[in-house]
Every structure is written in C-alpha cells, then in structure tokens.
There are 2 protein chains.
Amino acid sequence: MLDDIDRRLLEILIKDARISLKELAAQVGLSSPSVSERVRRLEERGVIRGFTVEVDPQALGYQLQAIVRIRPLPGKLHIVQKLIEEMPEFGECDKVTGDDCFVARLYIRSIDRLDGILDRIADKAETSTAIVKSKPIERRPPPLSPS
Amino acid sequence: MLDDIDRRLLEILIKDARISLKELAAQVGLSSPSVSERVRRLEERGVIRGFTVEVDPQALGYQLQAIVRIRPLPGKLHIVQKLIEEMPEFGECDKVTGDDCFVARLYIRSIDRLDGILDRIADKAETSTAIVKSKPIERRPPPLSPS
DNA sequence: TAAAATGCTCGACGATATCGACCGGCGTCT
DNA sequence: AGACGCCGGTCGATATCGTCGAGCATTTTA
C-alpha cells in the first residue's frame with residue numbers, strides 16, 4: 001500500500017510541509033517530478049487529507065484547555081450536539097460509546113470563563129470537566145508502517 | 001495583537017497551506033512580499049507553530065479510534081506515563097486534573113487489537129475505554145478574534 | 001514472447017519567491 | 001510645531017522552483 005519512500009515523504013512533510021519539491025526529492029533520492037507525482041497520489045488516495053498550518057491556541061490567548069465529557073439528558077441529544085457544534089470554543093468533539101456520549105476539547109482564555117461556557121449546555125446535559133495540566137503526547141499520526 | 005489581515009491569512013492557510021504567496025496576497029489585497037513578511041512574523045510570534053500535512057488514520061488502515069481514560073495505580077504514575085509515550089498507537093495524550101490522570105486518543109486497526117494494546121498497561125493502571133463512533137467536530141483551532 | 005502499462009529521468013519553459021531600493025504615515029523627542 | 005526615525009508597505013529584477021513533454025527501463029499481462 002505505502003512503500004518505503006512514501007513513508008519517508010510523509011514523515012518529512014509532517015515535520016515541514018513547506019519544504020520544496022527539490023529538497024524533498026533530494027532527501028529521498030528521486031527526481032522532483034517523481035516526488036511531485038507521489039505526493040499527488042498520496043492526496044488522491046486520501047492518505048494526505050490536506051496541507052495546513054498548526055495554530056498555537058496559547059499564542060492566541062487561550063491559556064487553558066479542558067477535556068469535557070458530556071452526557072445529554074434524555075431526549076436532548078440532538079440539541080446538545082448542535083449546541084456543541086456551534087460553540088467555537090470546542091476545538092474537537094468525539095461521539096463515543098459508553099455513558100459519556102461526547103468527549104470534547106475546550107479552549108478557554110481563563111478559568112473564570114469556563115463556567116459561562118458550560119452554562120450554555122448545563123440545563124440539557126451533565127458534564128464532567130478536567131483541566132489539561134500538560135501534554136505528555138502532542139498530536140501525532142499513528143505508525144505509518146503496516147505493522 | 002492579531003489584525004484583521006493576519007486573521008484572514010490564518011484562515012486561508014488553515015484551509016490550504018500550499019497556496020502560493022501570490023494568490024494569498026491577492027486574497028487579502030496586499031503584495032506578496034508583505035504577506036511573506038506577515039507569515040514570517042506569525043511564525044516568529046509562535047501563532048503559527050508549523051506547516052504540516054494532515055494524515056488520515058483510516059487511509060493507513062486504522063479503522064477505529066478510542067478515547068482512553070487512564071488512572072495509574074499508586075506509585076505507578078511515571079511508569080505509566082512513560083509506557084504511554086512509547087506506545088505509538090497513542091496519537092495524543094493529555095494529563096488532566098481529576099480522578100482520571102490521563103486522557104488519550106488511541107488508533108487501532110481493528111477491535112481485536114484493542115485488548116492487546118491495553119494489556120500493556122493493565123497491571124499498572126485502571127483504564128476506561130470509549131470507542132469513537134463519529135466526530136461531530138473535526139479538529140479546529142479556537143476563534144481567532146480577540147473576543 | 002510481444003505488447004502495454006508503470007514509474008522513473010532529463011531538459012526546457014513558465015510561474016514563483018525573494019531581495020534590494022524606495023516611499024509614506026505615524027509616533028516621539030527636542 | 002517641526003524634524004527625525006521606524007514600521008510596514010510597493011515595485012521591479014533576479015534566481016529558484018514546479019510542471020510539462022519526451023523518452024527509457026522494468027515489470028506485468030495477454
């Protein structure tokens with residue numbers, strides 16, 4: 001599926017997506033047209049979902065992050081989901097199995113804003129909030145090798 | 001801190017970081033050297049942490065994701081943290097306040113591999129695992145406006 | 001075995017990023 | 001109030017880069 005060169009290309013691009021094709025080609029020992037074609041096909045196959053910039057929430061003034069588990073009250077599931085989606089402070093939300101229906105990541109500027117944000121769903125769901133103290137693992141992709 | 005043009009640059013770059021400076025400049029109504037300089041300064045200030053590719057775990061064969069809450073047994077905290085960090089299937093891990101010490105995202109190829117992976121920490125921590133059924137909110141940055 | 005498809009290199013051309021020089025507005029200091 | 005210096009901008013030239021077409025080797029298929 002993915003050969004050795006594809007994997008190296010991905011690794012390099014994950015670290016720095018702005019690298020030139022020429023440099024990229026040099027690092028894997030191919031010509032730039034070949035590399036260009038390989039990258040194009042990685043996109044086509046959906047392995048590369050897109051090229052993006054990583055924005056640092058802290059630098060934007062969001063000093064805190066919280067992991068919020070959300071359990072909608074009976075009959076409120078859809079309303080709650082819609083509310084969450086429309087609140088831009090949620091940076092990510094997974095719908096999961098188990099008692100907690102949603103697990104979401106919340107960006108907050110300061111601790112005193114937390115209550116105001118959660119109040120908006122407080123009458124439609126039970127929530128458990130855990131403040132993020134540190135990030136032992138920063139976001140990273142799963143292993144590229146077929147294992 | 002961030003002016004209107006910076007915000008528009010970020011929005012555009014988040015959607016497609018491979019856009020040419022020329023096109024980027026046209027979209028915000030500046031010359032390309034100005035835009036180049038602005039992007040450089042966004043990096044310098046740490047607002048842009050880097051340029052990267054988004055890799056799709058599904059396309060790599062990881063059909064499932066799980067959110068795992070991990071509570072190390074007394075005295076095992078550091079060992080558990082180290083174990084987690086060294087397991088490449090964990091795509092992200094937050095250390096949080098509350099009973100659950102860690103909340104991590106796990107990429108798995110199929111459901112029958114889940115047990116084998118969690119077994120590696122089973123004797124050092126209690127875990128609660130929730131399988132991700134869908135993603136109401138895909139990863140996104142917090143609002144860029146100062147609010 | 002022959003034909004076709006795949007994946008590569010090479011060279012040329014058009015597009016692009018970058019660099020230096022220059023300009024204008026704004027805050028500051030005398 | 002006026003002059004100075006700085007910040008952020010434009011413009012044009014140059015060097016770099018990506019892309020395209022042609023051609024070649026290897027492997028797969030009929």
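Lettering follows sequence order; numbering is per chain, from 1.
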Original post:
So among B:Asp100, B:Ile84, B:Leu77, which one has a side-chain contact (heavy atoms from CB on, under 4.5 Å) with B:Ile70?
Top reply: B:Ile84
**OP:** Consider the side chain of B:Ser34, meaning its heavy atoms from C-beta on, and name the nucleotide among C:dC8, D:dG8, D:dT10 that approaches it most closely.
**Re:** D:dT10
Original post:
Listed by chain and number, what are the side chain to side chain contact (heavy atoms under 4.5 Å, CB included) partners of B:Glu43, not counting sequence neighbours?
Top reply: A:Arg18, B:Val39, B:Ile48, B:Phe51
Original post:
Does A:Arg139 pair with A:Glu92 as a salt bridge, N-O distance under 4.0 Å?
Top reply: yes
Original post:
Given C:dT18, is OP1 or OP2 found less than 4.0 Å from the side-chain N or O atoms of B:Arg40?
Top reply: no
**OP:** Answer with base, sugar-phosphate or nothing: what part of the nucleic acid does A:Ser36 contact at a heavy-atom distance below 4.0 Å?
**Re:** sugar-phosphate
Subject >> Nearest heavy atoms of B:Phe102 and B:Pro72, plus distance in Å >> reply: CE1-CG, 3.8 Å
Subject >> Non-hydrogen side-chain atoms of B:Val103 and A:Arg69 separated by less than 4.5 Å >> reply: no
**OP:** Check step by step if side-chain contact (heavy atoms from CB on, under 4.5 Å) holds for B:Leu83 and B:Arg120.
**Re:** CA-CA 8 Å; B:Leu83 270 174; B:Arg120 282 185 257 167; 5.6 Å; no
Original post:
Counting only heavy atoms not in B:Lys22, do more than 12 fall under 6.0 Å of its NZ?
Top reply: no
Original post:
What residues form a side chain to side chain contact (heavy atoms under 4.5 Å, CB included) with A:Ile131, not counting sequence neighbours?
Top reply: A:Leu64, A:Ala66, A:Ile111, A:Leu114, B:Thr97
**OP:** Would you indicate which nucleotide in D:dT19, D:dT10, C:dT9 comes nearest to any side-chain atom of B:Pro33?
**Re:** D:dT10
Original post:
To the nearest Å, how far apart are A:Phe51 CZ and D:dG18 C1'?
Top reply: 13 Å
**OP:** Summarise protein proximity over nucleotides 22-29 of chain D in one line of letters, 5' to 3': B for base, S for sugar-phosphate only, - for none, counting protein heavy atoms closer than 4.0 Å.
**Re:** --------
Original post:
A:Arg41 has an atom CZ; how far is it from atom C1' of C:dG7, in whole Å?
Top reply: 9 Å
**OP:** Please tell me which of the listed nucleotides, D:dC11, D:dG8, C:dT9, lies nearest to the side chain of A:Leu30?
**Re:** C:dT9
Subject >> Under 4.0 angstrom between B:Arg38 side-chain N/O and D:dG9 OP1 or OP2 >> reply: yes
Subject >> Axis bend over the full length of the helix from C:dT1-D:dA30 to C:dT30-D:dA1, computed from five pairs that close each end, to 10 degrees >> reply: 30°
**OP:** Quickly, which of A:Arg38, A:Arg41, A:Arg8 forms a salt bridge (charged side-chain N to carboxylate O under 4.0 Å, His left out) with A:Asp3? Name it, please.
**Re:** A:Arg38
Original post:
Which residues within residues 18-26 of chain B lie with some heavy atom under 4.0 Å of an atom in DNA chain C?
Top reply: B:Ser20, B:Leu21, B:Lys22
Original post:
Taking only residues two or more places apart in sequence or in another chain, which ones pass side chain to side chain donor-acceptor pair (under 3.5 Å) with B:Glu23?
Top reply: B:Gln27
Subject >> Ionic contact status for B:Glu37 with B:Arg40, cut-off 4.0 Å >> reply: yes
